[in-house]
Amino acid sequence: MKLGIALGGGGAKGIAHIGVLRALTQARVPLHAVAGTSAGSIVGALYAAGKTPDEIERLMRRLNLRQWLARDNTGLGIFSTDGFRRVIESEIGAGARIENLPLKFAAVATEMESQQEVAFTSGLVADAVCASCAFPVVLAPAQFGGKSYLDGGLLNPVPFDAARRLGAECVLAVDLAADEPMFTANPALHRPEAILFRFIFSAEQQKIFRVGARTIGIMTKPARKLKLMRAPPDLTIYPDVQTIGLIDFDLIDLSLAAGERAMRDALPQLQTLLHPTLWDRARKMWRIK
């Protein structure tokens, strides 16, 4: 049975996706397709391009917050997605195209003019990832092909339906339920990344980010419920990343462990879905009818 995986958004929480993929790789569970939103599109694109979970982890450890962020000259955001573009292009090539990747891949974004969801299944990988990651206010819209795009999480925070459209017969969704906080609330952790963030942004701006993140979380709940009714995933896992902030890129070990633990706990259930008995298949056909 062809397995597709949907990787949800969540900033630094998305590092948990690497742990999920590592657990699947170690269990020798092959993937047919991967769909990603925002942070999930970054990890998903690298994996679909042939990067192993270990290689993606090393990349995340090597980069810091300053390398992801680039100055915006459009006035439409505090930063631009150029930093994301440089990372993707340096890892898989500036001309890498989605349709040429070893694994089927889709990155979900929101097109500003039409206010519609777009699932990129062809075109430049870097374009698709930038479009999917353009978190409003913090990052300016990604612009290419005469259109502007915002974060895919606005309309599809966990793109399990996009994974199914890629031909997956069984869909595994990784939901980070991510809208808060920007940084962990533990004041005892005076980490370089947190200090840099607080140095760049005033307390008022940080409050705006938190309100924006919470607002997006509220807005996406109805869309998520509707998609769950129309094309639900076969299995959803929820890595325990709620104490990790959206920009806690230095808490890699916690994120990785959460993703790997959630996937290992769900492996027996996934194996049952991938190798159903005749009775299970009959019941599924009966439900479809």
Side-chain angles (χ1 to χ4, degrees), residues 7-15 17-18 34-51 55-113 117-157 159 162 193 196-197 200 209 246-247 249 252:
L7 306 178
K13 300 171 188 280
I15 294 173
H17 294 318
I18 304 172
V34 56
T37 289
S38 199
S41 75
I42 298 174
V43 176
L46 294 170
Y47 187 78
K51 298 289 183 181
E55 289 173 331
I56 301 174
E57 177 189 345
R58 285 195 290 270
L59 170 65
M60 296 302 172
R61 291 187 184 280
R62 189 172 73 245
L63 299 175
N64 58 44
L65 184 59
R66 285 167 290 185
Q67 290 169 285
W68 288 105
L69 301 178
R71 185 184 299 276
D72 173 60
N73 296 317
T74 67
L76 299 177
I78 298 173
F79 299 103
S80 76
T81 56
D82 290 345
F84 293 82
R85 181 178 299 279
R86 285 196 293 267
V87 170
I88 295 298
E89 291 181 346
S90 67
E91 290 301 310
I92 65 175
R97 299 185 65 83
I98 296 175
E99 58 267 34
N100 296 330
L101 296 179
L103 192 64
K104 287 191 175 183
F105 173 68
V108 174
T110 302
E111 202 272 302
M112 283 187 62
E113 185 66 26
E117 173 188 330
V118 177
F120 291 96
T121 56
S122 62
L124 294 175
V125 177
D127 280 349
V129 170
C130 286
S132 187
C133 293
F135 192 85
V137 180
V138 179
L139 294 169
Q143 299 178 332
F144 54 88
K147 295 184 178 181
S148 299
Y149 300 93
L150 291 171
D151 194 299
L154 294 172
L155 295 177
N156 198 347
E193 299 288 356
L196 173 66
F197 181 83
I200 294 175
F209 293 153
L246 297 177
I247 314 182
F249 287 100
I252 291 178

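These numbers come from the heavy atoms of this one structure, side chains and all, not from hydrogens, waters or symmetry mates.
To the nearest 0.5 Å, atoms CD1 (I252) and CD (E57) are separated by 7.0 Å. Atom-to-atom distance recorded for F135:CZ and L154:CG is 8.0 Å, nearest 0.5 angstrom. For the atom pair K51 NZ and L103 CG, the distance stands at 15.0 Å (nearest 0.5 Å). Here CG of D127 is found 8.5 Å from CD1 of I98. Values are rounded to the nearest 0.5 Å. Taken to the nearest 0.5 Å, the CG atom of L150 stands 10.5 Å off from the OG1 atom of T81. Here SG of C130 is found 7.5 Å from CD of E89. Values are rounded to the nearest 0.5 Å.
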Problem - Evaluation steps, side chain to side chain contact (heavy atoms under 4.5 Å, CB included), between V34 and K104 - result: CA-CA 6 Å; V34 56; K104 287 191 175 183; over 6 Å; no

Practice task
Please assess S80 against T74 for the test side chain to side chain contact (heavy atoms under 4.5 Å, CB included), listing each intermediate value before the final yes or no.
Solution key: CA-CA 8 Å; S80 76; T74 67; over 6 Å; no

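Residues T110 and G152 approach most closely at OG1-CA, 4.0 Å, considering heavy atoms. In plain terms, the two heavy atoms of A39 and G11 that are nearest each other are CB-O, 3.3 Å. When all heavy atoms of L76 and P141 are compared, the pair lying nearest together is CB-CD, 3.6 Å. For A134 against A140, the heavy-atom pair with the smallest separation is CB-O, 3.7 Å. Closest of all the heavy-atom pairs between L101 and A48 is CB-O, 3.7 Å. When all heavy atoms are compared, the tightest approach of A106 to T121 is CB-CG2, 3.8 Å.
Checking D151 against S38 by side-chain atom types alone, a donor-acceptor pair falls below 3.5 Å.
Looking at R71 and D82, no side-chain N of the basic residue comes within less than 4.0 Å of a carboxylate O on the acidic one, giving no salt bridge. Between E91 and R58 there is no salt bridge, since no side-chain N of the basic residue sits under 4.0 Å from a carboxylate O of the acidic one.
For Y149 and F120, the gap between ring centers is short of 6.0 Å.
Looking at E111, its side chain never comes within 3.5 Å of a backbone N or O of E117 through a donor-acceptor pair. A donor-acceptor pair is defined here as one N or O able to donate and one able to accept, closer than 3.5 Å; such a pair exists between the side chain of S132 and the backbone of V108. Checked by atom type and distance alone, the side chain of H17 pairs as donor or acceptor with a backbone atom of G8 at under 3.5 Å.
Partner of L46 under the side chain to side chain contact (heavy atoms under 4.5 Å, CB included) criterion, out of V125, V87, I56: I56 alone.
With contacts defined as side-chain heavy-atom distances shorter than 4.5 Å, the pair V129/S41 qualifies. Here the side chains of D72 and I78 are not in contact, with every heavy-atom distance at 4.5 Å or above.
Applying the ring pair (Phe, Tyr, Trp, His ring centres under 6.0 Å) criterion to F105, with sequence neighbours excluded, gives no partner residue.
Annotation: E113, atom CD; neighbour count of heavy atoms from other residues, nucleotides and ligands within 6.0 Å does not exceed 12.
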